[in-house]
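Just so it is clear, the model here is predicted, and its values are computed rather than measured.
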Amino acid sequence: MFIAVREEVAAAIEDALDALDLPTDDLGIEEPPEDVDAVLASSVAFRLAGEVGAPPPKVAADIADEIDPDTYEYVGAVTTQGPYVNFLPSEAYFDATLSAAQDEEYGHLPDRDESVVVEHTSANPTGPVHVGRARNPIVGDAVANVLDFAGYDVERHYYVNDAGRQMAVFTWAYETFDEADLDSEPERDRIEYDLVRYYRKGNAFLEDGPDEEVEAAEAEIQGIMQGLEAGDRDTFERVSEVVDQVLSGMQECLARLPAEFDEFVKESQFMFDGSTDDLVDRLKELDEAVYEEDAWQLDLGEYGIDKQMVFLRSDGTSLYTTRDLAHHEWKFENYDRAVTVLGEDHKLQADQLQQALSLLGNDVDQLENVIFSWVNLPGGLGMSTRAGTGVDLDDLLDEATDRARDEVEERMEERIRDDDLTEEDIERIAHQVGIGAVRYDIVSKQPTKAITFEWDQALDFEAQSAPYVQYVHARCCGILDEVDSVPEAVDAGVLEREESRDLLRVIARFPGVIDEAAADLEPHTVATYTREFAETFNAFYRECQVLSAEDKAVRDARVALVAAARHTMANALSTLGVAAPRSM
RNA sequence: GGGCCCGUAGCUCAGUGGACAGAGUGCUUGGUUCCGGACCAAGAUGUCGCGGGUUCAAAUCCCGUCGGGUCCGCCA
């Protein structure tokens, strides 16, 4: 209902300003502080005071006088508080919210008939996913979820870099070395942990090996790259053997989050179908194209990008960026919008890509990036697959689940609720809480800020954490388990207690939160919302008995309110990719 | 050195033109005959990195500066 009342408020202010013959370019609509009783407010009187020649409070009063709340469904009253015009919700606002939130799908916005492809993670298939990379699937999945909730037709893509130099090195190393050459056992019994050893071995050899042998290896690697460029099927098969195996392992790891994809798009596909060659030809025709030191480049200096973008190597092979251009034109053909979630280290490359796409005649407004900053280890240490430094995501998830299991077992004794948990329940809760805590810790922060990864902090199960908000959901379920059915068509008017009203107000805001999070591609605002929601719910829970409420009408209304709260919390958590436990 | 991002309570973070700058954590104290105590209540905490500027109004916008991150490969 928040979105509806927001529209009504905008219309009301606009009409009032029109009637007063004042400009309507900025309505100054904002959400008032907590202690103000309004759902929305306007600070427009500040701006118009000079024009009108009256003090802001007077202007605010004039605007308020001009608005008749009876003409609006969800605006109950218009008041002023100094220079602010406040809009109070009507009884219909509460009724409509309570009713709308009975739907399990509450918070889903109407279908927009617009497709969006969200590309995220796209980590090179070189080895195990480490925590430094984990921010990408967690944020990316949440961005996709939020867009999905907001009514877009969402596809999740993982772009597989299967044609670059790194994969040529990996393929060479995989074919050249034997188990006996490797000096360590796999850290885990899964394929990418096995194969990454070859990749590390190969890189170490290229760095420190005897000059002659390194030269021979380079020739071999060069041969693989040329083969791919020429569209040679055999070469492709050789590389694929490595890529597909490593990727399948990484996929298993990501599925634990879970982060699932609709499609794994291989960059080699844009070499085989000729679109990269075609793109190179078109790039050469651009005024910005220059041929320097035997390589074709794009001079983007006049667009504020100092670094020239090489798109064809002197040996005639294409680069990652070249293929990515073809990839993006393919996205534009198939989707209305394209969102890419990528690390800040790819920022320059993304800017170059966008500029080049624009020069090629694409509408780059349909392309948006979500940039996230690094996850560092304490002491400022980075994480690298090639060097083998960093915490594996698998280890983090294992540790999180283990700690959560300990926690559940520890709490068993002092547990008030007498619903004997089975071994299966304990395992489920450990999983939901442990993984949820990791995701929530990462998704709840602004992606642009760097994170220092610390075990204790990431796995703190109290306070502003996943378990804290998950607990609210479990409490809702606990209450609803005790009732035969949720009453239909209840009257929100009997919810007189302030705490129940406050809860209904917070529930009402949820679709608006989704709407804004989708518009700004900022899922962390949903996490902030779940915290506020939990606080409001807990206050309600403390003050308002549900099952033993004073009379049937109140009990019915409160049961419906709890059902509404449950749907809201379940869906908010779902957009964050955090499980909503029915008990914990 | 240049571009971009970040700097808010001891710590981890919300807030990015508008009502007195907010949570959690940590510290102190209290609360389960009552729907789930992974909860709640009460108490102290700030040069919003620093200096200018714009504005009726700045943590928020602009300029400068300091500190941290990141990029500046014919890697991805």
Side-chain angles (χ1 to χ4, degrees), chain A residues 28 30 32-36 41-43 46-47 49-50 55-56 81-84 86 122-124 126 161 163-167 169 267 292-297 304-308 310-315 317-321 324 343-349 351 371-374 376 380 382 404 407-408 410-411 414-419 433 441 444-446 448-452 454 457 460-468 470-472 474-483 524-525 527-528 531-532 534-535 538-539 541-549 558-559 562 583-584:
Chain A
E30 60 189 66
E34 262 181 58
D35 54 338
V36 175
S42 170
S43 59
F46 279 115
R47 266 182 298 289
Q81 196 169 334
Y84 294 95
N86 289 333
S122 301
N124 295 340
T126 52
N161 308 149
R165 189 185 144 79
Q166 286 188 355
M167 293 323 298
V169 168
E267 63 173 333
E292 282 175 16
E293 296 174 37
D294 301 328
W296 278 94
Q297 330 194 0
I305 300 172
D306 293 334
K307 181 67 201 152
Q308 295 208 351
V310 177
F311 62 88
L312 199 64
R313 292 191 182 96
S314 50
D315 63 7
T317 57
S318 61
L319 288 90
Y320 170 82
T321 312
D324 205 21
E344 65 169 336
D345 53 330
H346 286 62
K347 188 90 192 335
L348 174 64
Q349 188 260 328
D351 288 343
I371 310 283
F372 65 89
S373 188
W374 231 226
N376 290 310
E407 200 78 18
V408 181
E410 213 170 282
R411 289 168 195 270
E414 54 202 69
R415 199 179 162 81
I416 290 175
R417 196 175 172 79
D418 57 348
D419 56 346
V433 168
D441 182 59
S444 61
K445 289 165 187 162
Q446 275 189 38
T448 47
K449 302 202 179 188
I451 296 177
T452 298
E454 288 182 70
Q457 206 181 290
D460 180 0
F461 293 146
E462 293 185 356
Q464 301 183 330
S465 66
Y468 174 70
Q470 287 174 318
Y471 191 60
V472 168
R475 274 181 155 177
C476 289
C477 292
I479 293 172
L480 295 171
D481 278 347
E482 304 295 321
V483 301
H524 79 273
T525 56
T528 304
R531 275 203 294 268
E532 290 170 17
E535 279 166 32
N538 286 328
Y541 184 85
R542 184 183 68 246
E543 298 298 332
C544 304
Q545 284 287 311
V546 177
L547 299 176
S548 53
R558 285 182 183 169
V559 169
V562 171
S583 69
M584 58 188 279

**Asked** When the ring planes of F311(A) and W296(A) are compared, do they come out parallel, tilted or perpendicular, using 30° and 60° as the limits?
**Response**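 Plane angle between 30° and 60°, so tilted.
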
**Asked** Is any N or O donor-acceptor pair between the side chain of E407(A) and the base of rA38(B) shorter than 3.5 Å?
**Response**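 Counting by modelled atom types and ignoring angles, no donor-acceptor contact under 3.5 Å is found here.
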
Roughly how far apart, to the nearest Å, are [N] and [M] at atom [atom1]?
{"N": "rG52(B)", "M": "rA58(B)", "atom1": "C1'", "value": "13 Å"}
{"N": "rC6(B)", "M": "rC61(B)", "atom1": "P", "value": "9 Å"}
{"N": "rA38(B)", "M": "rU45(B)", "atom1": "C1'", "value": "26 Å"}
{"N": "rG7(B)", "M": "rG17(B)", "atom1": "P", "value": "14 Å"}
{"N": "rG18(B)", "M": "rC62(B)", "atom1": "P", "value": "15 Å"}
{"N": "rU60(B)", "M": "rC5(B)", "atom1": "P", "value": "15 Å"}

Can you name the atoms? Protein N/O to nucleotides 18-21 of chain B N/O, anything below 3.5 Å, with the distance.
{"unit_1": "rG18(B)", "atom_1": "O2'", "unit_2": "E30(A)", "atom_2": "OE2", "d": "3.3"}
{"unit_1": "rG18(B)", "atom_1": "O2'", "unit_2": "Y84(A)", "atom_2": "OH", "d": "2.2"}
{"unit_1": "rG18(B)", "atom_1": "N7", "unit_2": "S43(A)", "atom_2": "OG", "d": "3.0"}
{"unit_1": "rG18(B)", "atom_1": "O6", "unit_2": "R47(A)", "atom_2": "NH1", "d": "2.6"}
{"unit_1": "rA19(B)", "atom_1": "O4'", "unit_2": "Y84(A)", "atom_2": "OH", "d": "3.1"}
{"unit_1": "rA19(B)", "atom_1": "N6", "unit_2": "N86(A)", "atom_2": "OD1", "d": "3.1"}
{"unit_1": "rA19(B)", "atom_1": "N1", "unit_2": "N86(A)", "atom_2": "OD1", "d": "3.4"}
{"unit_1": "rC20(B)", "atom_1": "N4", "unit_2": "D35(A)", "atom_2": "OD1", "d": "3.3"}
{"unit_1": "rC20(B)", "atom_1": "N4", "unit_2": "D35(A)", "atom_2": "OD2", "d": "2.7"}

When we call it a touch if two heavy atoms are under 4.0 Å apart, what does [X] touch: a base, just sugar-phosphate, or nothing?
{"X": "T448(A)", "answer": "sugar-phosphate"}
{"X": "E482(A)", "answer": "nothing"}
{"X": "S583(A)", "answer": "base"}
{"X": "V310(A)", "answer": "sugar-phosphate"}
{"X": "H524(A)", "answer": "sugar-phosphate"}
{"X": "R411(A)", "answer": "base"}
{"X": "C544(A)", "answer": "base"}
{"X": "V408(A)", "answer": "base"}

**Message:** Please determine whether a side-chain nitrogen or oxygen atom of R542(A) lies at a distance below 4.0 Å from atom OP1 or OP2 of rG37(B).
**Reply:**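 Checking rG37(B) against R542(A), no side-chain N or O comes under 4.0 Å of OP1 or OP2.
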
**Request:** Output yes when a side-chain donor or acceptor of R558(A) lies under 3.5 Å from a complementary backbone atom of Q545(A), and no otherwise.
**Result:**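 Yes; at least one donor-acceptor contact below 3.5 Å.
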
Can you give me the N/O atom pairs linking the protein to nucleotides 58-64 of chain B at distances under 3.5 Å, or say none if there are none?
none

**Request:** For M584(A) and P467(A), work out which heavy atoms get closest and say how close.
**Result:**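 That closest heavy-atom pairing would be CE-O, 3.7 Å.
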
**Request:** Measure the CD-OG1 distance between Q464(A) and T528(A) for me, rounded to the nearest 0.5 Å.
**Result:**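 Here the interatomic distance stands at 9.0 Å.
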
